[in-house]
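Structure, as structure tokens:
So you know, we letter chains A, B, ... as the sequences are listed, proteins then strands, and number each from 1.
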Protein chains: 2
Amino acid sequence: MTTTKKVGRPKKFNRDDALMAAVNIFWAKGYDGASMKDLTLGMGINGPSLYAEFGDKRGLYLQAIDKYVNNGASAPLVALEQEDDIEKAVGAFFLAAIDYSTKHQGGARGCFLASCVSTSAGEVEGARELLKKAVEATDTRIAERFEREKRRGNLPTDFPSKERARLLFDLRQGLVFRARAGLPGESLVENIEDRVQMILDC
Amino acid sequence: MTTTKKVGRPKKFNRDDALMAAVNIFWAKGYDGASMKDLTLGMGINGPSLYAEFGDKRGLYLQAIDKYVNNGASAPLVALEQEDDIEKAVGAFFLAAIDYSTKHQGGARGCFLASCVSTSAGEVEGARELLKKAVEATDTRIAERFEREKRRGNLPTDFPSKERARLLFDLRQGLVFRARAGLPGESLVENIEDRVQMILDC
DNA sequence: GTTGTTTTGTATCGATCGCTATAAAATCCA
DNA sequence: TGGATTTTATAGCGATCGATACAAAACAAC
């Protein structure tokens, strides 16, 4: 699709790229720790443009959270959903989580939601609601993946999908916390197979 | 023990109480989100006294982390160590963790280390090291509790203490994250018995 | 009662915060 | 080519930041 010609000075920045850059800055420094200077420099966009496009600092933050939830954070879920073999799928979920929390291109470790957004829960209006929503949505998607496997006959009909979904989610939280604390990736991948069995056992 | 008389104007504050108040403020607002005004008001101590006693904001923060690690955060560990029956001990660990992350007197939810200190890992010098140290120390204490149970013959000699210690720790991280996200305490205590069995199974 | 010491209270520092006013630049269109 | 529109660049706003200088207060000791 060709870009429609538009009156006025052309924008110098790409919205999605700028927003991704904002995610990385907030992920490294947190909401309060990231200054407008950090953000304008990192996003390659100056003050008035940032305010025109994203509203204010809080607006940018909430949009950055949405961006993260629908991109980076969904990689483990996508891995779980796309791998056909359920054991490999659960393993892929863990490995994707370890991957984004130890080596994503922005450089910050851990999980943006757990390590940074949770600090602002209760402080930045809207942050806790987005956090709660993300937890519940992830639980639901994981449970749905297990339900699909039950329908296929690969898991027993009495397999407790909701409980195991929460279990998988909680284990991932431990891993990403360790990553943020600086523990090496290798120590995180130990025992993944045991944990896969634990998730899927009846 | 009588208080030794001291030349000069008596201090108006109690160091431990002031430090506990600082923990609560940092736990609610994070390092950057807590201003010196927030801290001096909450601690009931003014600027010059705070600087004389604790150094600077960063020094206060690192001491607050130590305080937390050796007090509030150790409640689950103490519960695990003090309960004689290992199944009850593991259950008590979870319940103590849910308790301090949903209803401690300071009001902030979740875990101070996971929800706030992790934001400053990499930003506040010393924070990541204290975090890493706390994770490793907790893993070790949990593993030691399992080893003691093995020596008593209550757990099999091939029980993988280190792996299960990490498992217990990681599961707790999921619970405290949910608490910070605003999920109710009741939903956190569901399936505790299943999880206890999971930890102790061979 | 005075001196010395320690701590608290008040005022204020230089720097930075999030955000906005206004000028200049870069386009399209008639 | 000039006008209109949109965006970027620059300067700067009022407020707050973390930290400190100095005066006053509260004690012990003589």
Side-chain angles (χ1 to χ4, degrees), chain A residues 1-19 21-23 25-26 28-65 116 119-120 123-127, chain B residues 1-19 21-23 25-26 28-65 116 119-120 123-127:
Chain A
M1 183 205 289
T2 59
T3 303
T4 306
K5 276 189 174 184
K6 204 163 161 287
V7 160
R9 185 168 173 171
K11 278 182 180 175
K12 189 179 136 188
F13 66 96
N14 173 273
R15 188 184 208 282
D16 261 10
D17 292 344
L19 201 45
V23 168
I25 293 155
F26 283 130
K29 294 169 171 269
Y31 178 75
D32 293 299
S35 65
M36 295 313 296
K37 186 184 175 190
D38 291 328
L39 290 161
T40 56
L41 283 172
M43 291 164 80
I45 165 176
N46 59 31
S49 302
L50 194 155
Y51 287 95
E53 185 75 29
F54 300 103
D56 56 7
K57 190 184 184 188
R58 188 179 75 89
L60 172 64
Y61 186 58
L62 299 182
Q63 290 174 69
I65 293 170
C116 303
T119 302
S120 40
E123 290 297 304
V124 175
E125 193 181 347
Chain B
M1 184 203 290
T2 60
T3 304
T4 307
K5 276 189 174 182
K6 202 165 164 287
V7 159
R9 186 169 173 171
K11 278 182 181 176
K12 190 178 135 192
F13 65 96
N14 173 272
R15 187 184 207 284
D16 261 9
D17 292 344
L19 201 44
V23 169
I25 293 153
F26 284 128
K29 295 167 169 270
Y31 177 75
D32 294 299
S35 65
M36 295 312 296
K37 186 184 176 189
D38 290 328
L39 290 161
T40 54
L41 281 173
M43 290 164 82
I45 164 178
N46 60 32
S49 302
L50 195 154
Y51 286 94
E53 186 75 29
F54 300 102
D56 56 10
K57 189 184 184 189
R58 188 180 74 88
L60 173 64
Y61 185 59
L62 299 182
Q63 290 174 67
I65 293 170
C116 303
T119 303
S120 41
E123 290 298 303
V124 177
E125 193 181 347

Checklist entry - Which letters describe nucleotides 21-30 of chain C, given B = protein heavy atom under 4.0 Å from base, S = only from sugar-phosphate, - = neither? => result B---BBBS--
Checklist entry - What is the distance from CG of A:Asp32 to C1' of C:dT16, rounded to the nearest Å? => result 14 Å
Checklist entry - Which string of ( ) [ ] | and . matches DNA chain D, if you list each base 5' to 3' and count Watson-Crick or G-U pairs only when both distances are under 3.5 Å? => result ||||||||||||||||||||||||||||||
Checklist entry - In whole Å, what is the span from the NZ atom of A:Lys29 to the P atom of C:dT16? => result 13 Å
Checklist entry - Whole Å only: how far is the CG atom of A:Asp56 from the C1' atom of D:dA15? => result 16 Å
Checklist entry - How long is the line joining CZ of B:Phe13 and P of D:dA25, in whole Å? => result 20 Å
Checklist entry - Rounded to the nearest Å, what distance is computed from the NZ atom of residue B:Lys37 to the P atom of nucleotide D:dG18? => result 11 Å
Checklist entry - Just how far, in rounded Å, is P of D:dT16 from NZ of B:Lys57? => result 15 Å
Checklist outcome for this item: Taken to the nearest whole Å, CZ/B:Arg15 to C1'/C:dT7 is 16 Å
Checklist entry - In whole Å, what is the span from the CG atom of B:Leu50 to the P atom of C:dG9? => result 13 Å
Checklist entry - Measuring from B:Asp32:CG to B:Tyr61:OH, what's the distance to the nearest 0.5 Å? => result 8.5 Å
Checklist outcome for this item: For residues 40-54 of chain B, the salt bridge (charged side-chain N to carboxylate O under 4.0 Å, His left out) pairs (sequence neighbours left out) are B:Lys11-B:Glu53, B:Arg15-B:Glu53
